[in-house]
There are 2 protein chains.
Amino acid sequence: MSAGKQKTKAEILDIVIPLFARSGYAGVSMRQIARAVGIKAASLYHHFPDKQTLYVQALAQAFSRRTALLHDALALSADPEEQFRRLVHSLCRLVHDDTDFSRLIQREIMDGDEKRLQLLADNVFGSFFQEMTILCRALAPDRDPHLLAISILGLIIYHFQITPIRSFLPGFQESHNDPEAVANHVISLLKNG
Amino acid sequence: MSAGKQKTKAEILDIVIPLFARSGYAGVSMRQIARAVGIKAASLYHHFPDKQTLYVQALAQAFSRRTALLHDALALSADPEEQFRRLVHSLCRLVHDDTDFSRLIQREIMDGDEKRLQLLADNVFGSFFQEMTILCRALAPDRDPHLLAISILGLIIYHFQITPIRSFLPGFQESHNDPEAVANHVISLLKNG
DNA sequence: GTCTATAAAGGGATAGAC
DNA sequence: GTCTATCCCTTTATAGAC
């Protein structure tokens with residue numbers, strides 16, 4: 001109620017999200033979390049019964065905050081090609097700007113058990129991916145829409161996944177990390193082969 | 001010299017590689033490693049001064065074992081298009097069959113510091129990626145070869161990165177996890193747009 | 001809601017016998 | 001080259017005062 005500095009669950013989770021995104025579940029201790037939040041470790045157990053629950057709730061909050069953005073990226077348009085163009089640009093900007101989100105998803109896909117993967121599929125990808133396959137069907141009726149949708153995502157996401165190592169690879173230029181440049185490359189590549 | 005059951009460094013590293021690949025550096029303890037190897041934790045320190053060194057040497061061994069395969073995938077051919085076709089098929093098979101390798105690289109790109117990334121770039125990607133950009137220049141002289149090479153890699157690798165969650169996504173079929181099917185899809189996509 | 005204190009377990013690492 | 005035993009620190013988690 002008051003404007004004091006005591007932490008709410010949501011505030012704590014917002015602080016925790018970047019920690020787990022950067023170091024993974026096993027790489028972050030309750031003490032580190034407590035220090036980042038500004039309370040003692042024992043106090044965390046007032047808000048969450050254990051570390052696992054804290055982690056899963058952080059995931060849930062991180063994902064729910066961003067799912068809306070994914071849907072905005074699919075803004076409808078009369079022309080499928082125009083919709084596709086906008087989608088690629090939006091996704092590039094999203095993935096480039098929000099590294100925490102991207103890394104959380106990457107880690108979940110790697111480390112999540114069946115239950116958590118199901119959650120991720122339902123909450124984050126679910127309807128977004130479904131709409132993407134619909135768009136794919138409109139763009140290329142002869143192709144498998146599932147494969148094409150994954151291809152588009154991979155084409156975009158991988159360019160930013162490898163950002164940390166990109167500067168060590170031959171032919172690197174600063175512009176290769178620019179979301180607009182990558183978007184234009186991806187669009188032209190998918191259109192003209 | 002003898003054929004006893006005492007472990008050599010290389011044998012230990014081969015056992016350790018899948019552990020780090022599956023759970024990451026922080027997710028594996030020296031005791032777990034020892035149990036998998038079949039000795040006590042203290043004995044590990046006869047072979048390696050500390051956990052970090054053990055990890056880095058496991059990486060080095062995993063990468064050196066596989067780098068040759070990457071170069072084989074680039075088997076020269078008179079026709080760049082034919083070379084490209086073979087490269088995609090080889091990479092799909094490699095990434096599909098050797099999940100440990102793929103995951104180690106993924107984790108290193110996420111978590112590696114500058115020094116380790118430099119090592120990864122030099123030892124694994126270095127000349128392979130260079131040759132890929134040369135092939136890209138031959139295939140599409142008008143495109144940025146660095147961007148195109150990354151695109152090809154991303155297109156392939158992402159399809160297998162998301163394997164764990166794929167079955168939860170709309171439109172999934174068993175064939176989507178088949179390396180040949182993915183290879184053909186990628187080739188056709190890059191050729192015809 | 002946060003604190004101090006502490007339990008119980010597991011972590012990395014070393015010493016010294018065999 | 002492997003073992004037992006052990007040190008010391010960190011980890012997760014709980015109890016109870018404020």
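Side-chain atoms are counted along with the backbone in the values below, which use heavy atoms only and exclude waters and symmetry mates. Residue numbers begin at 1 in each chain, while the letters A, B, ... track the order of the sequences.
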**OP:** Flag this pair as yes if the NZ/CZ of B:Lys51 is under 6.0 angstrom from the six-membered ring centre of B:Tyr25 and inside a 45 degree cone about the axis; otherwise no.
**Re:** yes
Integer-rounded Å distance: [N] [atom2] and [X] [atom1]:
| X | N | atom1 | atom2 | value |
| --- | --- | --- | --- | --- |
| B:Lys9 | D:dT2 | NZ | P | 13 Å |
| A:Ile12 | C:dT2 | CD1 | C1' | 11 Å |
| A:Met30 | D:dT11 | CE | P | 12 Å |
| B:Gln52 | C:dG11 | CD | P | 17 Å |
| B:Ile33 | C:dG10 | CD1 | C1' | 14 Å |

**OP:** Would you name the heavy atoms of A:Leu19 and A:Ala36 that are closest together and state the gap between them?
**Re:** CD1-CB, 3.8 Å
Original post:
Nearest of C:dA13, C:dT2, D:dT12 to any side-chain atom of A:Lys51?
Top reply: D:dT12
Subject >> Closest to side chain of B:His47, choosing from C:dA13, D:dG1, C:dG12 >> reply: D:dG1
Report yes if a side-chain nitrogen or oxygen of [X] is closer than 4.0 Å to either non-bridging phosphate oxygen (OP1 or OP2) of [N]; otherwise report no.
| X | N | result |
| --- | --- | --- |
| B:Tyr45 | C:dT14 | no |
| A:Ser29 | D:dT10 | no |
| A:His46 | C:dG1 | yes |

Quick test: give all pairs of protein nitrogen or oxygen and nucleotides 3-6 of chain C nitrogen or oxygen below 3.5 Å, distance rounded to 0.1 Å.
unit_1, atom_1, unit_2, atom_2, d
C:dC3, OP2, A:Lys40, N, 2.4
C:dC3, OP2, A:Ser43, OG, 3.0

Original post:
Below 4.0 angstrom, N of the basic side chain to O of the carboxylate: do B:Arg66 and B:Asp100 qualify?
Top reply: no
Subject >> Salt bridge flag under 4.0 Å for residues B:Arg86 and B:Glu82 >> reply: yes
Subject >> Partner set under ring pair (Phe, Tyr, Trp, His ring centres under 6.0 Å) for A:Phe48, not counting sequence neighbours >> reply: none
Original post:
Is there a side-chain contact between B:His159 and B:His176, using heavy atoms and a 4.5 Å cut-off?
Top reply: no
**OP:** Look at all strands and tell whether A:Val28 reaches a base, only sugar-phosphate, or nothing, counting heavy atoms closer than 4.0 Å.
**Re:** sugar-phosphate
Original post:
Is the side chain of B:His146 donor-acceptor paired with the backbone N or O of A:Pro170 at a distance under 3.5 Å, no angle test?
Top reply: yes
